[in-house]
Structures are given as structure tokens and as C-alpha cells.
Colleague: 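Questions regarding the structure given below will be posed in turn.
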Amino acid sequence: MTTTIHTLGFPRIGKQRELKFALEKFWHGELSADALEKTASDLRALHWQIQRDAGLDFVTVGDFAFYDQMLNHIQLLGCEPARFGFEAGTVELDRHFTMARGIASEATTCCGGHAHGSAALEMTKWFDTNYHYLVPEFTSTTSFSLSSERLFQQVAEAQALGHKVKAALIGPLTFLYLGKEKNDGFNRLSLLDKLLPVYADVLARLKALNVEWVQIDEPILALDLPAEWKAAFKPAYDKLSASGMKLMLATYFGALLDNQALALSLPTAGLHIDGVRAPEQVGGVVDALPTDKILSLGLIDGRNIWRANLDQVLATATDARSKLADRLWLAPSCSLQHVPVDLTTETKMDAELRSWLAYAVQKLNELGAVKTALDKGVDAAQAAFDASRAAAASRASSPRVHNPAVKQRLASLPGDADQRHSAFKARQAIQRDRFKLPAFPTTTIGSFPQTREIRAARAAFKRGELAEADYVAAMKKEIAFAVQKQVDLGIDVLVHGEAERNDMVEYFGEQLDGFAFSQNGWVQSYGSRCVKPPIIFGDVSRPHPMTVEWTTYAQSLTSLPMKGMLTGPVTILQWSFVRNDQPRSETCLQIALAIRDEVVDLEKAGIGIIQIDEPAIREGLPLRRSQWDDYLAWAGRAFRISASGVEDQTQIHTHMCYSEFNDILPAIAALDADAITIETSRSDMELLTGFGKFNYPNEIGPGVYDIHSPNVPTTDEMVRLLKKAAEVIPAENLWVNPDCGLKTRGWPETEAALANMVAAAKALRA
Ligand code: GLN
Ligand code: ZN
């Protein structure tokens, strides 16, 4: 017996982000299309060789994209939206980038890795990952036809290099489901019958290239699906199976649950399931697997960076193999595009931490080791198993990971540690008396323009080229500048401007114990944009205050209230690689305690208003609704723990953006922040209607202008929005502020917009 191993996909950016740099040069006109294609084919060749060297039975073709894999499918299936009006001769690559980026110069990015382009396709998160895909647009007249040769060329390319190929496609139902209807009164599912013949054409072409296996990804099978979508699977796959092609139906990011019987009943030669996110489903699927099906078990974590516990993986695999024999395949849980490429690039990381990690290349080697152990016995993969055991043992006992004081503090936390002393109404009265703010108080969300000088100073300090005293002086100068601007503008509650912060999570992670930073741990967020999430490897604590000096300096410059500015525990958790040896909720509570300490120190230092940003709270929602309550309960408790160490007279703000909030309003209200600022202007205050209907009890600042655009909004426009807001929220609870932080803006438009905003607030007072 031999075990077949494969991967659902490999990161395409390159271990030194080669693709990113080539793309950006190409966009700036500094690289030819041929040279870009050459970079891409070199990367593919390298990545296939890595798969081959790790002993995989196939290389995976179809996971490469210049910008995005959904966009590849839009082109493959011939459904580029008509609104782009491409002329017949426009080359595929140019169309790819136009759809992705719109008019290039208008594409701007901002905090959190989100992007806003003008005419570009909308971008949204790929399930619960931090990867963003481009959203297909459908109308009742959308038609499909096989319209790209790229996939077939890449298959031929791999074959020419001597590889055995498995092609990978996004399945028709997932493709449609993740798209959006662009005209009313039509259901995109009705396009399925037009779409399936094109999939059949694609499969026929792959067959003609002698491809034996096609992986067809239907990750929506891990979601709560409407009945009509479930019902569409069987007839669709009946049609696809007519191709005679062996299909490996791939599911990931969660358990199949109510879709399990459906997935098992489809006429595909194989099924892949995620055994890392949902280990509890493995036994049931193994037992229920039809005798003519292959099961691909995803047992190596494709979403996180930890070295696998190979003994555990081998135990699960051995058990499955005793029942399935040759019908068992092994793989990472999902595509490896969600982890960095190669750990050997981490030359500066300490050896102990590095020994705990595995990036994509190492994960494939782990897979190879499990195959060897299964086929030839563990002794044949001794070195890999030894290293895995050593890592597990040292993580279990390392004092860097385990801090008894942190565990003790969490264990003995009083049940009401997440409650303020008094209820909101009482706090509000005390705070009104203390701050004596005018009606419709004005404020901003935290950051001010990150100018070239600020970035240069931070970078020079990091490189050791700027002495600490000079750096501090430079940042203080920026703070003083921002404070003076706000005073001149007549803003009521000021901020220090966040000049010293490169990133709202990294800034805190760098100062907390239990966090590490990699040199090259890049993962693609979208297009050429990559992020390097912090690594939370141990119990989290705060060795020293993180923001108190900057904030008190800012406060010393003015008698107006200076708002302290912190990132909340859920957002820090959400934008990091999180340890897998304890529940996420526990790690989140540890971070919450560290933030709580900072909040208390700010209060002691005389800061009366403190904002705890939680822009990522909604994106942490589990894929399945049945798990929402549990998540919202611990996430809410973590936020409240961070916020509740203070007296009634201290005002806690929070901020959220990029979200639909209406379905989690009770949870947002339960955070019990004294004031919340939210992004609303792009939806013309529609978002706020939900808060109004729900009778949101506390104070609220609906963003009155969109900070993603350099346009300066008029006072009249902001007055209009505020009046609209006042129709649904009691006027005495309204704040006036922009949608989000201003770090991506320049000073001229920032000043002009804020001047108009202050005028709008004054107009409302009058
Ligand atoms: N305080 C942060 C800022 O203003 C908030 C950023 C965010 O919401 N993503 O930049
Ligand atoms: Zn924001």
C-alpha cells in the first residue's frame, strides 16, 4: 500500500515576495509584460519543484494568479462584466488588472488591508481568512464561454517539466455563490445551467491534456447553505461527472455538518475534508465514505504556522488507513496560500521559536514524512518525527510560553471583572458633568496623516540610524503639530495622531510579552498586498506601559480632553497568527488583561477618555451561525475586561469599520462602551437605521465622511447626514467624526474636511 499526498494550493507570491515586486514594477511601467510572465513561470516552476521534492504525487496547477484566483475564473469562464467595455483586442493580462484595480491611480488602501478602487470589482474576504477575492458580478444576461487558455498553458508547462499534474478549479456553485447580483429580481443560481457547459468544456480540455485528477473546490459546503443551493449540487455534479474526469471535491475551513451526506452523495471520485479545523468530523466521514470514493484528509494546518504534531497526524492517518487502505490521501487542510512560504528565510529568528514553526515548504515536508511513516514505518522518517516531538515538548514546557502569573490572574478573575461600576446612564451623567462637552461633540478616530517624514523617521529609528532621543523628539514634534491643528480647527476631543505607530496591531504586539515578529512571514492579503501578522506564541502580558508617555505628552499641550488610543483584544487576536495549544478565547482574554492594564495606567495618568478600537470584531464571526453566540460572548467579555478597570468618570470609546453591524447589534450594545464611532457615510447612514431600530442605548458617532477618498465633503453634505442620523438616534447621544482614521490622507484635504465637519457640528448646535 502507498499513500497518495497532494496539496490544495501553494502560495504564489514567492518567498521574497518576488511576484509582488514584479507586479508593482509592471504597473509602474518599469517591467514588460514578458518579464512579468517570466517571473510568474519561474515561480510556478520553483513551487512545483518544491512539491515534487517533498514527495507529493501530483503538482497542483491552477492555483497561480497574477492578482486573484476568483478573477482567473471570471476570465476562464468568460464572464467579465460588460461595464468594463473591453475592446476586442485588449489583452487578457491588462483586462485582469483593470478589473482588479479599476483606474489604477484611484485605487487606495487603508488600515487593515482593505482596499477601495473606483471602477474595480468589489473585493471581499475569502471566507474567514484575511485573503480578499474579487467578487464576480452577475446579471440575468450574463453569459459564459471558455475564454482563457492560461490554465491549459500552465498544465502543459508543468508537464513539460516532467510533473504529474492535478488541476485545481473553483467549483461552479462556490463561484456563483460568492458572486453578486447586479440587477434586481433575479437569482444568480439561475445562471447555473448556462455555466455548467463551460465547466464541461474545461474538463474536456484538461482530459485532452491527459490530466487524470481535477480538484474542484466547493468550500461553501462548510457554510449554512440555503436549501435551493444545496439542492443544486446533485444535478450539477451529475452533469460534470459525465466528463469522465476524476474529480476531487475539496471542502475546507470547517466541518461539513448538515452538508456531509450531500457531499458524500455527489458523483465525484474523491472528497477532501478539513481535519484541522474540524477534527471531530474525520471519524464520521471515514465510516460513511462510499466504497468507490477516495478520501483526502487535510491533517496539516494550512491556516497557521505551527509545526505539526506528527505523532497525532500519524495516529489519525493510521486509523483512517486501516479502514480505507489505498483510498486514503493526505494533504494540508486547505490551500497553503494562507501561510508564508519558507521558514529558511527566517535567519534572524531565535532557534527555539523557529523550531516550533512550519511555513508552506516545511508543511509539505511534514506531509512527506507522514507518508513515509505510513508506507515504510516511523523509523524511515525518524528525523522529522524527532523534530516534531522536540518542538511539542519544548512548547509544552517552555517558560517563554507559559507564564504562571498570567494563568493565575486569568483563573482568579472575578466574574464581574467585565462590568463597569455603574450602568451607562449613571456614567453618562457623571461624564457630562466632568467634560462639559457641547452638543454634537466633534472628534476623530485616531490617526492623522502619516507623512513621508514620519515614515522616514520611524524607519531610520528601526534601522538604528536615528538615536532614541532624536526619534522621540521627532515624534513629539509631530504630536504637537497634530494637536495644534486640532485646537485651531476647534475640535472638542483631541487625539495625539498615532505618528509613532506603523500598524495598529504590530505596535502593541511589539511591546507585549508572548508575541514574536518574523522577517519574512508574508501572506497575500490581496493582489500585490501582503501582510506579516504577528505570531502569538505564549501567554500574553504587558511588561511596561505602551502609550502612556505619548498620550500624556499630548495632553500636556492642551486643556481639551485628549483621547487615549488603543487596539482592542479581539482585533489584535484576529490579525495575528494565534497559538494552537489553547483556545482562541483564552488567548484573547490574556490580551484583554494586558490592554486593561494600559487603560488603567492611562486613567491614572489623567487621561479621561480612552478609545479601544475593535474594527475586526465582526470578521471574527464563525462561518456557521450556530457558533456565533459563543464567539460573541467571549469576544464581548474580552472587550469589556479591557475596558472595565476604570472609574465611572472615565469615558470609554470604541471604533468599528468595514462591517455590516445589523446582525450583531445586541452584541455591540453589550460591549457597553460609553461611545462608539462607526463607518456609515458610504452607506448614506443606512447602517445607522439598524442602531436606531434597535434603540442603541449608548452614545454613537456615525462617520460623516468617507476617509478613503481625497474628496473634501461640504458642510451641507455633512449636515444632511447628521440630520438623517438624528432621525434615528437621540440627538443628545450623537458625536460628529469621520468614518475612520486619517493616516492614508494628506494634510491639506484633512484640514479642509475637518474644518467643514466642525462647521457642520456648529450648524447643528445652532
Ligand atoms: N485608531 C485607528 C486609526 O485611526 C483605527 C483604525 C481602524 O479602524 N482600522 O487609524
Ligand atoms: Zn476604522
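Just so you know, these numbers come straight off a predicted model, no measurement behind them. Read the numbers this way: they start at 1 and go in the same order the structure lists the ligands and their atoms.
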Colleague: Which atom name does His655 have for its N/O/S atom nearest to the Zn ion (ligand 2)?
Modeller: NE2
Colleague: Is Glu549 atom CD crowded by more than 12 heavy atoms from other residues, nucleotides or ligands, each under 6.0 Å away?
Modeller: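 12 or below, so no.
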Colleague: When only distance counts, is Glu498 in polar contact with ligand 1, meaning an N/O pair under 3.5 Å?
Modeller: yes
Colleague: Could you list which atoms of ligand 1 come closer than 4.0 Å to a heavy atom of Gly741?
Modeller: 3 (C), 4 (O), 10 (O)
Colleague: Phe461: what forms a ring pair (Phe, Tyr, Trp, His ring centres under 6.0 Å) with it, not counting sequence neighbours?
Modeller: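 Partners of Phe461 under the ring pair (Phe, Tyr, Trp, His ring centres under 6.0 Å) test: Tyr471.
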Colleague: Please could you name the atoms of ligand 1 that Met504 approaches to less than 4.0 Å, counting only its heavy atoms?
Modeller: 6 (C), 7 (C), 9 (N)
Colleague: With the Zn ion (ligand 2) at the apex, how many degrees lie between SG of Cys740 and SG of Cys657, rounded to 10 degrees?
Modeller: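 That angle is 120°.
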Colleague: At a 4.0 Å threshold, what atoms of ligand 1 neighbour a non-hydrogen atom of Gly446?
Modeller: 4 (O)
Colleague: Using distance alone, determine whether Trp575 and ligand 1 share an N or O pair under 3.5 Å.
Modeller: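 No, Trp575 has no N/O under 3.5 Å of an N/O on ligand 1.
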Colleague: Do Thr442 side-chain atoms and Asp492 backbone N/O form a donor-acceptor pair below 3.5 Å?
Modeller: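 Looks like yes, one N/O pair under 3.5 Å.
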Colleague: Pick one of side chain, backbone, both or neither for how Ser447 approaches ligand 1, counting any non-hydrogen atom pair under 4.0 Å.
Modeller: both
Colleague: Check ligand 1 against Cys740 and write out every atom of the ligand that is under 4.0 Å from a heavy-atom position of the residue.
Modeller: 7 (C), 8 (O)
Colleague: Which ligand 1 atoms, with their elements, are less than 4.0 angstrom from a heavy-atom of His655?
Modeller: 8 (O)
Colleague: Checking Thr571 against Glu614: is there a side-chain donor and acceptor pair closer than 3.5 Å?
Modeller: yes
Colleague: With distance as the sole test, does Glu598 use its side chain to make a donor-acceptor pair with the main-chain N or O of Met546 at under 3.5 Å?
Modeller: yes
Colleague: Hey, does the Lys NZ or Arg CZ of Arg303 hover above the aromatic six-ring of Phe253, less than 6.0 Å from the centre and inside 45° of the axis?
Modeller: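 Arg303 over Phe253 ring: yes.
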Colleague: Numbering the atoms of ligand 1 from 1, which are under 4.0 Å from a heavy atom of Met565?
Modeller: 1 (N)
Colleague: Could you list the atoms of ligand 1 found under 4.0 angstrom from a heavy atom of Asp613?
Modeller: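 Atoms satisfying the 4.0 Å criterion: 1 (N), 2 (C), 5 (C).
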Colleague: Could you tell me whether Glu465 atom CD has more than 12 heavy atoms of other residues or ligands within 6.0 Å of it?
Modeller: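 Yes, because the 6.0 Å sphere around CD of Glu465 holds more than 12 heavy atoms from other groups.
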Colleague: Grab the two heavy atoms, one from Pro738 and one from Tyr705, that are nearest each other, plus how far apart they are.
Modeller: CB-CE2, 3.6 Å
